[in-house]
2 protein chains.
Amino acid sequence: MKELSARQRRILSLIVHEYIYSADTVASKHLVEKYHLSMSSATVRNEMSVLTDEGYLKQPHTSAGRVPTEAGYRYFVGQLMQDTSLPEAMRRTINHQFSQMHNDMRQWLELAATILANETHAASLITAPQPVEARIKHIQLIATHGRQALAVLVMEGGQIHQHILTLEEPVSQEQLSILSTKFSQIFAGKNLHSLSQYHGPMSQLEKNVMAWMEDELVRSDQLPTGEIYMDGITNMLAEPEFSDSEEARKAMRLLEERSLLQDLLSQTALPDTIGGVQVLIGGEGNWNDLRQCSVILSKYGSPGIATGTLGVLGPMRMAYGRSISMVRFLSGILSDFIVEQW
Amino acid sequence: MKELSARQRRILSLIVHEYIYSADTVASKHLVEKYHLSMSSATVRNEMSVLTDEGYLKQPHTSAGRVPTEAGYRYFVGQLMQDTSLPEAMRRTINHQFSQMHNDMRQWLELAATILANETHAASLITAPQPVEARIKHIQLIATHGRQALAVLVMEGGQIHQHILTLEEPVSQEQLSILSTKFSQIFAGKNLHSLSQYHGPMSQLEKNVMAWMEDELVRSDQLPTGEIYMDGITNMLAEPEFSDSEEARKAMRLLEERSLLQDLLSQTALPDTIGGVQVLIGGEGNWNDLRQCSVILSKYGSPGIATGTLGVLGPMRMAYGRSISMVRFLSGILSDFIVEQW
DNA sequence: TTTAGCACTCTAACGACGAGAGTGCTAAAA
DNA sequence: TTTTAGCACTCTCGTCGTTAGAGTGCTAAA
């Protein structure tokens, strides 16, 4: 596979641009006219022919314009795309929206998902941040109602697990407070894995609490993360490539199937990586149902504290520049939030 | 609009059945053959003609079979449908699945949404249960990390609000405990509306807590509920009426737009109500985007404690009998859970 | 190396056509 | 009076042939 000449690169770039814009095959003549190229359509045709041989373009049928191939998109994203950063005005608008939120992670994640979906016209996905290396800081039990008690586990990072315990019999707040103090002293500084080292006589209540904490451990261990925030799923349906609805279903099934989605979001170390943003084109890897789609992913958070993943899923014919900037920008916002809050 | 004869009712019923099954226009001859009717197709045709005049059937074009109209479905649901209850085996299977869950509301709601979607082949919707008449029982502040504190508000029903407060400066757990006790004494038994009656000098911390509680009040006041659990959205795409994807988008947009969805789910006092289950056909009311759809809704929970809504959204050509039984059954399961747990 | 010109190919749109499905009507049968 | 057989009529759907137009690939000249 030869190096492409500057002119070939230019033409490839324009074709990708134009196709992303119009969703229609792009013809040599059209290109020359629209971009006032200083060459004839015949010349463009020759170059297009080369690009086709090299595998960057294809034509749906013999006498139609060209369309980028998967390789074409990949070359575009990796080599041609100028790294547009978001216009200042938009940054400000978005920052403003976040500043009007409460300091609530959920709300921020929802807002981020909404903005991401609206601005990219694709489906947005965000996993809740997953705390790193969890150590227990404090345990508090609170009587709520009858035989119910709320157990709160505060971790050193500052994040919280909680659960409602159903007790054998009602227990007063005093007793619960005493137990809280005891447990806090025993487990402070330990991580959840060291729970199993604690043995000895336990009341029913204590067993209850222990059982829950172990449960919490198992859960935080095996699930890469918990909730997933999404928005803009219907944006996909608006794209012409999904008008047949069978293709759309395939891609969307993946969004509903949590386990598949988790797999996808935990993808890492992929070919095209730009400043922490990963681009998966045409379901590269083994995402058969995503052959028509591209995915842009980025981690966010702070390595020492907690990390999550955010990204967009859209048709391969996607505004990569804008989407990548958007993902990167929102990743930054959420990271800052985490650092500040935790 | 005259009364329908028994035979007319029978034929209407069969047509609705058949259309729900086949998604295709149903012809007089087809009906006679498939169901071994003891009359000729001509007779059926005459009756179909009457049913068409009465507005229960229509034909897509002059020489095609009949298809139920909105009114036809409504008559079917209201008058013709025999009230099938779920087979015992299925009840057991489902009960078993729930029994294997932890006592966690979230998990139950998710499971219910999944089962509902799979069994009805439609999209399922469940709102988290919303507590009724909230009175404060206890307030607890817990130091978490630096200037962060977790504030927990326990209501008499037993449900919990919580929030992470960011304080002006670090505050020790002792101080927080003192304040917790003070606030608990002042507000115990009050509902959130009486917060505003408390005035007088307050520390920055106290103001902080108060502000949050008022906030919580406003939120629980205006939002009918919080989270919404869904599943099976892609089931809609599989239905032939949504193969054109434009219609599908309209309906799905509604699922993404939280505010619209809230409106829909809080619909109540609708025409067709069967044992607490409400059936909305063809977006009756003013749901223009749901013209092709039907919605089956039921409240669940316990009037004194907390209630939520669950339901399914599918094409008008939907298996009403099965869906209604399913909704009713799951509504019962969730109600029991709430009564038991709270 | 570029470009004008032209032949060639393929799609998309259109209309014609026939087959088939299903009805509505009429007149006979029950 | 009700049911049914028979038949003409209507409308859709798939197929085919045709055409217009878009766009290419190639060739030969600039």
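By convention in this document, chain letters (A, B, ...) are assigned in the order of the sequence lines, proteins followed by strands, and residues within each chain are numbered from 1. Note: hydrogens, waters and symmetry copies are ignored here, and every other heavy atom, side chains too, is used. Small disclaimer: the values here were computed from a predicted structure and weren't measured.
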Look at the side chain of [X] and decide which nucleotide, out of [options], has an atom nearest to it.
X	options	result
A/His61	C/dT23, C/dC10, C/dT3	C/dC10
B/Thr43	C/dT3, D/dT4, C/dC25	D/dT4
A/Met39	C/dT3, D/dT24, D/dC11	C/dT3
B/Arg45	D/dG25, C/dT23, C/dT3	C/dT23
A/Gln59	D/dG25, C/dT23, C/dT3	D/dG25
B/Ser49	D/dG25, C/dG24, D/dT24	C/dG24
B/Thr62	C/dC10, D/dT24, D/dC11	D/dC11
B/Ser40	D/dT4, C/dG22, D/dT24	D/dT4

*Could you tell me which nucleotide pairs with D/dC13 by Watson-Crick or G-U wobble geometry, both distances under 3.5 Å, or answer none if nothing does?*
C/dG18
*Once you apply the 3.5 Å cut-off to both distances, tell me the Watson-Crick or G-U wobble partner of D/dA30, or none.*
C/dT1
*On DNA chain D, check which nucleotide each of B/Asn46 and B/Pro60 is closest to and give me the residue with the more 5' one.*
B/Asn46
*On DNA chain D, nearest-nucleotide positions of A/Thr25 versus B/Glu47: which is more 5'?*
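By nearest-heavy-atom nucleotide position, the 5'-most residue is B/Glu47.
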_Within the structure provided, determine whether B/Val44 and B/Ile11 are in side-chain contact (heavy-atom separation under 4.5 Å)._
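Yes; the side chains approach each other to less than 4.5 Å.
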*asked:* Measuring only between side-chain heavy atoms, which start at C-beta, is A/Tyr73 closer than 4.5 Å to A/Tyr320?
replied: yes
Rounded distance (Å) that lies between atom [atom2] of [N] and atom [atom1] of [X]:
X	N	atom1	atom2	result
B/Arg66	D/dT12	CZ	C1'	16 Å
B/Lys29	D/dT3	NZ	P	21 Å
A/Lys34	D/dG23	NZ	P	14 Å
A/Glu18	D/dG23	CD	P	12 Å
B/Tyr19	C/dG22	OH	P	14 Å
B/Asp24	C/dA21	CG	P	12 Å
B/Leu31	C/dA21	CG	P	17 Å
A/Leu57	D/dG23	CG	C1'	15 Å

_Can you confirm whether the side chains of A/Thr52 and A/Arg66 place a donor and an acceptor under 3.5 Å from each other?_
yes
*Would you say the side chains of A/Gln8 and A/Glu47 form a donor-acceptor pair under 3.5 Å?*
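There is such a pair between these side chains.
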*asked:* Between A/Arg7 and C/dT1, is there a contact of a side-chain N or O with OP1 or OP2 at under 4.0 Å?
replied: no
*Side chain of A/Ser63, base of C/dT9: donor and acceptor closer than 3.5 Å?*
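Donor-acceptor pair under 3.5 Å: yes.
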*Contact class for B/Ser41 (heavy atom, under 4.0 Å): base, sugar-phosphate, or nothing?*
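No contact.
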_Tell me whether A/Glu256 is salt-bridged to A/Arg253, with the criterion being a basic N under 4.0 Å from an acidic carboxylate O._
no
*Say you draw a straight line from OG of A/Ser85 to CD1 of A/Ile324; how long is it, rounded to the nearest 0.5 Å?*
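Interatomic distance, A/Ser85 OG to A/Ile324 CD1, rounded to 0.5 Å: 13.0 Å.
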